[in-house]
2 protein chains.
Amino acid sequence: MRLVLARCSVDYAGRLSAHLPLATRLILVKADGSVLVHSDSLSYKPLNWMSPPCTLSEFEPDEDQRAAGVSAVWKVMHTKTADLLLISLHEVLHDSSHELGEDPGLQKDGVEAHLQKLLAEQISLLGDGHRLVRREYMTAIGPVDILATDGTGSTVAVEIKRRGDIDGVEQLTRYLELLNRDPLLAPVSGVFAAQEIKPQARTLAIDRGIRCLTLDYDAMRGVDDPHSRLF
Amino acid sequence: MRLVLARCSVDYAGRLSAHLPLATRLILVKADGSVLVHSDSLSYKPLNWMSPPCTLSEFEPDEDQRAAGVSAVWKVMHTKTADLLLISLHEVLHDSSHELGEDPGLQKDGVEAHLQKLLAEQISLLGDGHRLVRREYMTAIGPVDILATDGTGSTVAVEIKRRGDIDGVEQLTRYLELLNRDPLLAPVSGVFAAQEIKPQARTLAIDRGIRCLTLDYDAMRGVDDPHSRLF
DNA sequence: TGTTATATCTCGAAC
DNA sequence: GTTCGAGGTATAACA
């Protein structure tokens with residue numbers, strides 16, 4: 001990993017064209033050749049970057065560039081696409097390289113898959129008398145998150161999202177349309193379950209006869225394992 | 001901006017729990033207090049991070065931690081949410097701070113807005129005799145990208161995407177449903193225009209009587225301004 | 001300030 | 001390899 005702090009201007013041409021005026025920034029060159037340009041604020045996202053696989057080559061500035069104060073030009077080209085990142089270096093404040101070695105990678109847990117698992121275990125949250133048929137019930141257009149039966153034995157299809165958006169309602173609608181063509185299952189009703197359901201999505205769901213269910217993740221997790229949070 | 005290269009392990013607790021085992025990484029502390037942890041590969045995204053506003057405090061390791069080789073513990077807490085990032089530092093290979101100053105920010109051009117502008121200017125791409133009614137035609141459920149009339153004077157609603165996905169077809173369908181309720185406009189036909197249209201989206205569109213139009217961005221831009229690409 | 005749509009989205013998994 | 005869905009999405013535009 002190479003760290004360069006320098007006054008620089010940057011141009012990118014690829015899926016869009018973008019320009020960074022002259023300013024002091026951090027240029028990060030990783031072992032895989034990828035390049036990130038970061039400013040001193042606005043975390044997370046680099047101002048400009050090039051993803052691997054790519055190659056970096058350094059050029060001497062031409063007459064005009066040297067007159068403008070450019071000490072070196074870096075050309076970073078993507079190997080597959082025609083994306084190009086051009087960095088014009090002026091004063092270099094810092095330049096160091098470091099050997100870091102492989103990274104074991106991030107271990108994460110607890111997202112939509114967890115919600116699905118918890119709701120399958122706590123299926124009565126759908127209402128009294130509900131029973132789980134199966135998770136990830138496969139159809140021609142994809143898996144239904146949860147298939148269950150209600151107190152009367154009728155089939156219920158559940159779509160689970162962390163954030164219930166209009167897209168999720170459309171998705172569930174397509175599933176319901178398909179499932180209701182199966183005489184062995186029909187009539188199938190729908191439940192749209194999410195931690196948070198957007199008003200637009202709720203309106204659309206209700207309009208289509210789909211029931212909305214807000215899930216309390218912390219409460220569901222608390223039932224499952226009261227000490228699962230780190231702190 | 002502070003740059004620290006160190007062997008470290010990292011724990012995050014917030015919307016999910018995540019753990020990074022001991023390895024050598026770059027820790028970047030920005031002027032706004034935000035923190036990024038980067039490995040030497042996989043560009044763009046930090047392994048772990050904390051967004052501003054947040055506060056960083058350093059602690060002495062306790063007995064057990066010191067025995068395990070921990071030289072310092074950084075606790076980064078988000079000011080508003082309860083998100084917490086815990087960095088256990090072992091050997092520190094590099095530690096430097098730098099003054100960067102304000103960044104003028106990125107100037108970008110050419111995305112969906114540009115496509116919309118170009119298609120409005122080159123409305124005949126929709127077919128002979130088409131005329132622009134207006135861009136961003138407002139409705140109760142949002143703006144229709146382009147409203148036009150065809151050779152016979154019938155209304156045409158155009159939805160523009162860079163990548164034509166199923167969502168875009170659903171969106172256009174909702175617009176058409178609404179527009180066709182207006183006796184002054186009906187019948188309104190639909191055109192789904194994108195640089196690239198996914199097969200599923202095309203199938204759905206055709207099934208609903210929506211015409212698909214693939215846009216050649218470079219050609220459209222070439223008509224507009226032949227020397228607008230950087231290289 | 002809250003909500004919606006976009007992104008050089010990134011990233012991973014399923015097909 | 002391509003497609004699809006999720007993300008601690010982030011971030012800009014807009015009401």
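So you know, we letter chains A, B, ... as the sequences are listed, proteins then strands, and number each from 1.
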**Report entry** Donor-acceptor pair between B/T173 and B/R208 side chains, under 3.5 angstrom
**Finding:** yes
Query raised in the report: Taking atom types as modelled and ignoring hydrogens, do the side chains of A/D145 and A/Y137 form a donor-acceptor contact shorter than 3.5 angstrom?
Result: no
For atom [atom1] of [X] and atom [atom2] of [N], their distance in whole Å:
X      : N      : atom1 : atom2 : value
B/D83  : D/dA10 : CG    : C1'   : 14 Å
B/W49  : D/dT11 : CH2   : P     : 10 Å
A/I166 : C/dT4  : CD1   : P     : 9 Å
B/D103 : D/dT11 : CG    : C1'   : 16 Å
A/D32  : C/dT10 : CG    : C1'   : 14 Å
B/L106 : D/dA13 : CG    : P     : 12 Å
A/L20  : C/dT8  : CG    : P     : 12 Å
B/D145 : C/dT4  : CG    : P     : 18 Å

Requested in this report: Quick one: label A/T81 by what it contacts on the DNA or RNA (base, sugar-phosphate, nothing), any heavy atom closer than 4.0 Å.
Outcome: nothing
Query raised in the report: With a 4.0 Å cut-off on heavy atoms, is A/M50 in touch with a base, just the backbone sugar-phosphate, or nothing at all?
Result: nothing
By nearest atom, which of the nucleotides [options] is closest to the [X] side chain?
X     : options               : answer
A/Y44 : C/dC11, D/dA10, C/dT8 : D/dA10
B/K45 : D/dA6, C/dT8, D/dG8   : D/dG8
B/S51 : C/dT6, C/dT8, D/dA10  : D/dA10

Query raised in the report: Between A/L85 and B/L42, who's closer to the 5' end of DNA chain C by nearest nucleotide?
Result: A/L85
I'd like to know if [X] and [Y] make a salt bridge, using a cut-off of under 4.0 Å between side-chain N and carboxylate O.
X      : Y      : result
A/R25  : B/D103 : yes
A/E159 : A/K161 : yes
B/E121 : B/K117 : yes

What's the gap between [N] and [M] when it is taken at their [atom1] atoms, as a whole Å value?
N      : M     : atom1 : value
D/dC14 : C/dT8 : C1'   : 24 Å
C/dA7  : D/dG7 : C1'   : 13 Å
D/dC4  : D/dG8 : P     : 22 Å

Query raised in the report: Any side-chain N or O of B/K161 less than 4.0 Å from the OP1 or OP2 oxygen of C/dA5?
Result: no
Report task. Determine, answering yes or no, if B/Y12 is stacked on D/dG8 under the 5.5 Å centre rule and the 30° plane rule. Result -> yes
Query raised in the report: Starting at the 5' end of DNA chain D and moving along, which residue's nearest nucleotide shows up first, A/K80 or B/N48?
Result: A/K80
Query raised in the report: On DNA chain D, nearest-nucleotide positions of B/L47 versus A/S43: which is more 5'?
Result: B/L47
Query raised in the report: Think A/K75 forms a cation-pi with A/F59, using NZ or CZ under 6.0 Å from the six-ring centre and within 45 degrees of its axis?
Result: yes
